[in-house]
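Let me begin by presenting the structure, written as structure tokens, before commenting on it.
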Amino acid sequence: MNIRSICKLFRPYASAISAIVIFSVLVSLINVVTPFINRFMIDQGLLNGDIFIVLCSVLLLIFLHICDNAIQYFQTKQEVLVANSFGKDLKIKAMRHGLKLNQKHFKEQGFYKTIGDVLYDISSLMSIASSNFFMLFLIICQAVGAAIGLFLLNWQLALLMFPLILLKIAYNLWMRAKSEKLGKESMEASKNYNTWFSDLLSGAIDIKLWNLNDRKTAEYEKHVDNMNEASKNISLFTAKNNRIMQAAELAFINLMYLPGVALIQNGQLTLGSLITFITFSSYLLVPVDAIMHLQVMLKQLKPCAKDIRNFFSLEEENYTSSLLPPPVISEIEFKNVSLSLDNRSILRDISFVVHRGEKVAIAGENGSGKTTLVNLLLGLYQASSGEILIDGIPIQEYNIEAYRKKISTVLQDVHLFYGTVRENILLDKETSFDPGRYPAFCTEAIGKLEKQFDTPVGIGGTKLSGGEKQKAALLRALNRGADILILDEASANYDKESEDAFHLFIRENTDYGFYFIITHRKEILEDADRVICISHGEITQIKPVSI
């Protein structure tokens, strides 16, 4: 990552950055004149005992100091605005991209870790947009102004500072390589923690059932120790080297009194010039510190920037296509569809055609590929070979958002978002909800809750029973008013009475053009127009008659 890359990232904030630059130039001008005012006050005021000159000089220095602080305040204000906007825009962009990613990118690490890692990288990258980065720019401008003043005071003493400048450059080059290594270790420690924490969230119930509390707490302690150790190493490394360089600078600057005395004796320098030069000499070193520190910072952020670029290069689903599915779908065809994941064959040569008005049941043992087949139809997976066609057009050519609006689903693992039952039913804000339009066995079950449809569901629906969650999910699917209804073991947690009512609903409902029902219930299989039997990823039989 280089300066050009940073400039490209900050391009949307050009006006605010321009203001920062203007403020920095004003600060630089103040620092040009300040050394001369100090010299004038010492030589013409203090040494001559002229109180008026001292008073005027002091008042002018106070005025310049107030102006300097006021300018830096307004500059800081602009820095905060840029930093907040930069971080917000980049994180929103990452979240939007993450939610649109092809599902295959979450297969290995899951959604939480994939998004968590890039948000961590962005937080690290945001340090560039923080006041630290712009403060470096301000310091450089201050130093340039002061350096000009010091060269004008005495160019011989200024030239004598060059050996120290070369020493600082060499030392900072060594620090940069070490800092990059420490930064990478810190990033890896944080990402390892994200991986572990993602696994912890998904296994919270098993931790309780297998009494793993102490073990997981010990693992957590180890991850915290690793992150703290990495952070400590960076902090101590920086502090140690700063102290070493500060000691070297102090020794070198104090030695400047020796040539300064010689110049005074030769009449080439005044006492005021020497004192002023020594007082402000550190400004000659500040540009070196600032630029080298910026390079160290960029080295630390290089792995983060690389990961962010890789994340944004991941393939999204087809949200850009202008091709919309037909208003009324006539036919859905699986044509020689096969799917392999992680070099393992999941489905092989799946072929069938479903016509409008048909109710299709998909049956088979656990792990046979039934849910995977549905995921292909939903566009969550892409076939390794073959095609899924909607009225003769492959589904991946349609705009994925418009395509999924044609489908209502109740999946095997129901997820309810934090909020109320009503809010979970009304996920699509364009719809309204009238309980009287929908199956009584669902609405009556929700009506028995404490606050009925305004009952909070808890995190992931934990405040509802399994059956209540599935009924809320069915109401959500029915309320969408789509053309295709997919039910994947949608009644697995129903009691006998609700199961019978659900069976009756499937038999009598004709609101949808297509029904895909994954179930083990024989009664529902009997009501299907066709039953597609799958075993070990292959269709073993398609029954056009009841069984």
Side-chain angles (χ1 to χ4, degrees), residues 204-205 208-209 359-363 366 370-371 374-375 378 404-528:
I205 298 299
K208 292 181 178 294
L209 297 179
K359 295 178 181 179
V360 176
I362 303 172
N366 290 333
K370 304 185 302 297
T371 297
V374 166
N375 286 334
L378 289 170
R404 287 188 179 140
K405 283 185 177 181
K406 306 291 289 184
I407 305 173
S408 290
T409 60
V410 180
L411 299 180
Q412 192 169 1
D413 296 321
V414 171
H415 177 79
L416 299 182
F417 293 94
Y418 186 79
T420 65
V421 176
R422 188 186 306 277
E423 289 169 342
N424 273 276
I425 293 172
L426 291 172
L427 288 183
D428 186 346
K429 294 183 178 180
E430 297 177 359
T431 64
S432 58
F433 177 63
D434 178 8
R437 296 173 50 199
Y438 301 114
F441 76 93
C442 290
T443 55
E444 289 176 1
I446 304 301
K448 293 177 181 178
L449 298 174
E450 181 179 359
K451 295 184 179 180
Q452 299 181 355
F453 286 91
D454 294 317
T455 300
V457 303
I459 301 294
T462 53
K463 291 187 177 182
L464 303 185
S465 68
E468 290 166 345
K469 286 173 62 176
Q470 286 193 314
K471 289 168 184 175
L474 179 58
L475 289 172
R476 176 167 66 191
L478 299 178
N479 193 61
R480 190 175 202 182
D483 198 26
I484 303 169
L485 180 63
I486 296 177
L487 304 173
D488 186 356
E489 299 290 359
S491 62
N493 293 308
Y494 287 0
D495 55 30
K496 181 62 169 61
E497 182 180 354
S498 296
E499 180 65 38
D500 291 340
F502 177 75
H503 173 210
L504 182 62
F505 164 76
I506 295 298
R507 177 190 301 167
E508 295 181 350
N509 187 270
T510 58
D511 294 339
Y512 294 85
F514 299 85
Y515 295 77
F516 290 89
I517 307 160
I518 296 177
T519 183
H520 291 92
R521 307 289 185 179
K522 182 179 179 180
E523 298 85 354
I524 294 178
L525 295 178
E526 291 174 346
D527 288 328

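Side-chain contact between Asp527 and His503 is present, with at least one heavy-atom pair separated by less than 4.5 Å. Side-chain contact between Pro435 and Ile446: absent, with no pair of heavy atoms (C-beta onward) separated by less than 4.5 Å. Side chains of Arg507 and Lys359 form no contact here, defined as non-hydrogen atoms less than 4.5 Å apart. Counting heavy atoms from C-beta outward, Asp488 and Thr409 have side chains that stay 4.5 Å or more apart. Here the side chains of Leu464 and Val421 are in contact, with some heavy-atom distance below 4.5 Å.
The shortest heavy-atom contact between Leu411 and Val414 is O-CG2, 3.6 Å. Considering every non-hydrogen atom in both Asn424 and Gly419, the closest pair reads ND2-C, 4.4 Å. The shortest non-hydrogen separation linking Lys471 to Ala445 is CD-CB, 3.7 Å. Residues Ser491 and Gln470 come closest through the heavy atom pair C-OE1, 3.5 Å.
Note that the CD1 atom of Ile506 and the CG atom of Leu485 stand 6.5 Å from one another [nearest 0.5 Å]. Between atom OH of residue Tyr512 and atom CG of residue Leu487 there is a gap of 8.5 Å, rounded to the nearest 0.5 Å. In this structure, Gln412 CD and Asn493 CG are separated by 10.0 Å, a value rounded to the nearest 0.5 Å. To the nearest 0.5 Å, the span separating OG1 on Thr443 from OH on Tyr438 amounts to 11.0 Å. A distance of 14.0 Å separates CZ in Phe514 from OG in Ser408, rounded to the nearest 0.5 Å.
Note on residues 441-470: pairs passing salt bridge (charged side-chain N to carboxylate O under 4.0 Å, His left out), not counting sequence neighbours, are Arg422-Asp454.
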Going through the distances and angles, do Arg476 and Leu416 end up as a side chain to side chain contact (heavy atoms under 4.5 Å, CB included)?
CA-CA 10 Å; Arg476 176 167 66 191; Leu416 299 182; 3.9 Å; yes
Please report the C-alpha distance between Phe441 and Leu474 in whole Å, then the side-chain angles of each, then the deciding distance to 0.1 Å, and finally whether the side chain to side chain contact (heavy atoms under 4.5 Å, CB included) criterion is met.
CA-CA 11 Å; Phe441 76 93; Leu474 179 58; 3.9 Å; yes
Side chain to side chain contact (heavy atoms under 4.5 Å, CB included), that's the test. Do Leu525 and Thr519 meet it? Break it down for me.
CA-CA 8 Å; Leu525 295 178; Thr519 183; 3.9 Å; yes
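Remark: Asp495 engages no residue in a salt bridge (charged side-chain N to carboxylate O under 4.0 Å, His left out) (not counting sequence neighbours). Residues satisfying the ring pair (Phe, Tyr, Trp, His ring centres under 6.0 Å) criterion with Phe502, sequence neighbours excluded, are Tyr494.
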